[in-house]
Amino acid sequence: MMKKHWLCACLVLGCGGRASHWDAPFTPTDPVGLDNAVAVLDPTLDRALLLTSPGPLGLEEHSLPIGQNLVSASASPDGKRLYVLSRGISPRRNPSDERPRLTVIESDPTPRVARTYEFNDPLSGLVLDPENEWAVLYVTSSDSRPVSNPNEILLVNLADLERDPIAMTVQSISGSPQNFSFTSKLSVPNGDPRRLLAIETQNEVTLVDLSDSIGDEERATRQVTIPMPENQQGATGAPAEVAFHDADGTLDSELAVRLDNDTNVLLLPLAAPPAGSDRPFYIEPNLVDVGGEPSTIHFVNTDAGTRLVALVGTNAALVDPATSNVLNVALSKPFTGITLVTSDLGSDTSTDIALLWSNTTPTVGLWDLGAATTTATHGLDTLAVGASIRQVLDVPGDTFTTSKILQGVSGDFYVLDLAARRSSPMLTNGHTFQLTFAPDGRSQRLWAFTPGTEAFASIDLADLNPNELNTERPIWSVFDIAQSNGGVGRTAIVLHQGDSDFGATLFDALAPDTANTRFYSGLAYGGLNHD
Amino acid sequence: MIDRLLSELTRGRGRPTFGAMCVFAMLAGVTASAAAQRPPAANEEAPGPAAPSATPAPALPAPALPAPAPPAPAPPKPATDEDDDDRPSPSPRAPDSDATPVAPAPAVSANAFVSTPALAPRPAPEPDRNQVDDGQLGTHQEHWRLGVGLRETFVTGKGYDPFSTDNVLPQVSLDFGRAFYASGPLSVAALVVWDYGSTKATARQADASLVVHRITAGAEGRYHLVRRLYVFGRIAPGALHSAATLHDQVLDIDRESQAWVFTSDFSLGAAFEFAGDARGASTRPRGWVGADGGYSWSASSKVDFKDTGSNNQRPARLEPLRFDDLALRGAFFRLTATLTY
């Protein structure tokens with residue numbers, strides 16, 4: 001017996017293996033930028049590596065556990081949190097097998113796991129509320145289970161991490177959730193203002209009350225489902241977009257639904273419920289033909305009151321929600337997108353100003369809706385830009401609110417100054433650059449880069465002068481983060497990817513200079529050594 | 001044949017060369033067994049007292065009378081018991097048997113006296129005195145030594161993990177020293193030991209390697225249980241040099257980290273003499289095998305991978321890559337083959 005003990009001791013000493021993480025490859029997913037950190041996920045080791053900058057050109061790594069079998073990771077709109085969804089071990093064979101999980105990581109003041117939610121069923125869809133109050137987990141087509149409920153969703157209250165998730169089944173006759181929209185707080189005839197979750201299925205829109213005043217069970221049972229009408233081809237309509245506006249004294253709060261392949265839009269006013277009902281509102285659908293298939297819809301305040309604007313070809317159809325009357329306004333250009341810039345321009349009028357843009361015409365328009373129905377030009381100023389516009393980006397922060405970044409379909413991009421009505425082109429020689437800002441906009445810089453190349457640019461939004469920069473290894477991604485530990489400086493982290501590793505070149509984000517950098521490599525080993 | 005070789009080694013050149021000793025080591029086993037099985041040939045000169053030759057040696061002038069035999073000293077006490085060889089002498093400082101060389105008197109036959117009165121007896125060959133056991137510890141105990149061995153250290157520190165898939169650090173050991181003091185069965189030796197070894201593995205698919213040199217100066221206390229077997233304890237402080245290399249997969253260059261740290265071995269062991277004369281005063285080499293084990297302590301060293309210095313592909317202002325401190329300490333054992341002289 002004693003001999004066996006000695007033999008075992010020798011085997012342990014001599015044949016003791018090393019920790020398995022040294023044999024695990026590094027297979028990263030796309031990094032995620034936060035306000036003061038960059039999250040690089042390391043799914044083979046079920047962890048997230050958060051890179052922070054404690055000082056000028058300094059770098060720290062924090063290894064935080066996430067669930068097994070990573071599904072997705074998203075940053076909160078304010079850049080303060082990282083949400084990581086994982087599938088766990090499926091099927092579970094042992095009680096210790098990990099369940100599906102949502103890990104909430106906060107980066108301020110130091111990165112840490114703030115909460116972990118566990119579920120029974122693997123859900124691979126994650127939608128975050130732009131106002132950071134809710135998250136929705138839902139079933140996607142990648143959730144292959146023998147028997148699944150495609151209408152199963154979980155509502156997570158992000159405003160109160162102590163609360164358990166709310167499980168519910170979306171009321172649907174034949175569809176399953178395809179898209180989710182959170183409204184702002186809307187006044188209702190019977191009760192306190194509340195936010196609604198609009199869930200688009202294949203042929204319906206379901207509204208879920210997000211009010212704090214109702215219980216979770218009531219929330220699940222009081223869903224309102226509105227089936228879509230048939231379109232001109234006789235097929236059941238499919239929702240494509242949901243818009244909303246709050247009550248304005250004369251009109252109830254209202255939602256509108258744009259339909260695929262349909263010239264109609266569906267108005268959904270939140271009317272008063274029948275007498276005796278304790279429901280907060282009652283939906284009275286109203287179908288309005290806007291004269292063509294709209295590319296987008298939006299509620300706006302015009303000189304004639306609240307209107308639903310639907311961009312149809314070279315016209316804008318202004319729909320009066322009260323009467324369903326439609327006023328067509330000729331815009332001269334086929335605009336396909338609309339963004340309200342009223343607050344950005346500091347307008348103190350009750351009417352809106354909208355930025356119109358098009359993915360088919362190299363023109364943008366600034367539309368003063370205060371003159372939409374009364375002047376010959378309908379209040380529209382147009383400005384030619386060099387290319388059709390793929391996307392319009394807001395500049396974060398309060399310094400350059402009148403600046404918009406227009407991403408052209410050709411790869412070029414433009415800095416549009418709404419106040420000066422001026423567009424500054426940034427030519428890219430046909431390369432498709434990725435654009436990124438500091439989430440809080442404090443560096444006042446726009447970073448443009450192309451993954452796989454070594455050159456990138458930093459554009460100071462004050463003078464719009466691009467500063468050409470280079471790294472000594474190909475770029476994976478670029479982030480502009482605040483320094484941690486209360487530092488007032490900012491750091492630009494340029495990530496580089498190796499075979500099974502990654503590194504970073506750090507710049508001073510406020511004064512980027514290729515001669516003032518630091519290069520960090522071997523970052524995939526972070527947290528493996530000193531735990 | 002062995003005797004001839006040894007005789008050549010000891011008489012012809014004064015000191016045996018290392019090559020000759022190796023030849024001896026190789027031939028010893030073969031010829032010894034062959035000699036044990038094969039009867040001596042008729043014309044083979046047998047060791048021991050010489051018999052008078054029946055044929056006069058033509059080169060020698062024939063004396064008129066047989067030369068008188070030299071006075072025959074008392075023959076040495078024969079080794080009657082093989083166990084005596086394994087028992088340390090109670091007095092290692094006993095008079096050396098070299099003072100009383102063995103020279104057996106030639107036997108003279110009466111018949112030969114009559115028939116060949118003019119022949120002188122052939123001079124007796126000088127006997128191999130190293131074959132005669134003197135019962136002393138002698139060079140069993142006090143000798144120069146040169147050893148080579150294999151050492152395995154079981155390193156359990158986490159800092160070793162990137163460089164090895166297990167906890168074993170294999171090394172080759174070379175040692176050189178002398179047992180310089182003896183008192184009864186106790187003796188003391190001083191030696192210098194060099195352990196060299198390397199290991200490599202992959203760290204997240206990056207090639208990682210570690211080369212270790214350990215140079216120690218040891219003091220060894222011995223106790224001879226028998227002349228051919230002693231146990232010992234050894235303390236060997238010294239210095240350890242580690243050179244770690246990691247292939248940086250982002251930069252595609254090798255990065256290195258080197259350090260010198262203090263180290264010390266504490267071990268117990270035993271050595272057995274498997275080849276060598278029984279005679280303690282023998283000046284011929286001896287072969288030993290030994291084993292020791294114990295604990296090797298080393299100070300921790302920082303592992304900060306830096307660029308290789310000469311590689312112009314490295315980026316500017318490359319920050320060191322820090323791994324866990326490397327602490328090459330742990331239990332070890334070593335098998336050693338030693339030649340003493």
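It should be emphasised that the depicted structure is a prediction, and the values quoted were computed from it without experimental measurement. By convention in this document, chain letters (A, B, ...) are assigned in the order of the sequence lines, proteins followed by strands, and residues within each chain are numbered from 1.
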Item checked: Basic-acidic side-chain contact under 4.0 Å: B/D252, A/R473 -> no
Margin query: Please check if the number of heavy atoms outside B/I235 that lie under 6.0 Å from its CD1 is greater than 12.
Written below: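 Incorrect, the count does not exceed 12.
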Can you name the nearest heavy-atom pair linking [X] to [Y], along with the distance?
X: B/P162; Y: A/R18; value: O-NH1, 3.5 Å
X: A/A19; Y: B/D161; value: N-OD2, 3.9 Å
X: A/F519; Y: B/V250; value: CZ-CG1, 4.1 Å
X: B/R314; Y: A/E472; value: O-OE1, 3.9 Å
X: B/R255; Y: A/S521; value: NH1-CB, 3.5 Å

Pick from [options]: which one has the most heavy-atom pairs with chain B under 4.5 Å?
options: A/S500, A/A524, A/G498; value: A/S500
options: A/T517, A/D501, A/L523; value: A/T517
options: A/D499, A/L59, A/T471; value: A/D499

Under 4.5 Å heavy-atom distance to chain B, tell me which part of [X] shows up: side chain, backbone, both or neither.
X: A/T514; value: backbone
X: A/N516; value: backbone
X: A/F26; value: both

Notebook entry, point to check: Where does B/L321 contact chain A at under 4.5 Å (heavy atoms): side chain, backbone, both or neither?
Noted result: side chain
Note to self: Can you tell me which portion of B/T153 sits under 4.5 Å from chain A's heavy atoms? Options are side chain, backbone, both or neither.
What the structure shows: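 Contact with chain A: none, neither part.
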Next item on the list: Quick one: which of B/R204, B/E319, B/Q205 has the most heavy-atom pairs under 4.5 Å with chain A, could you say?
Entry: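 Looking at each option in turn, the highest pair count goes to B/R204.
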Checklist line | Gap separating the OG1 atom of B/T165 from the CH2 atom of A/W22, nearest 0.5 angstrom | finding: 13.5 Å
Next item on the list: Enter the distance from A/R518:CZ to B/L318:CG here, rounded to the nearest 0.5 Å.
Entry: 11.5 Å
Notebook entry, point to check: Taking only heavy atoms into account, what residues of residues 44-58 of chain A are found under 4.5 Å from chain B?
Noted result: A/T44, A/L45, A/R47
Notebook entry, point to check: Under 30°, 30 to 60°, or over 60°: which ring-plane class applies to B/F323 and A/Y525, parallel, tilted or perpendicular?
Noted result: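 Ring orientation, 0 to 90° scale: perpendicular.
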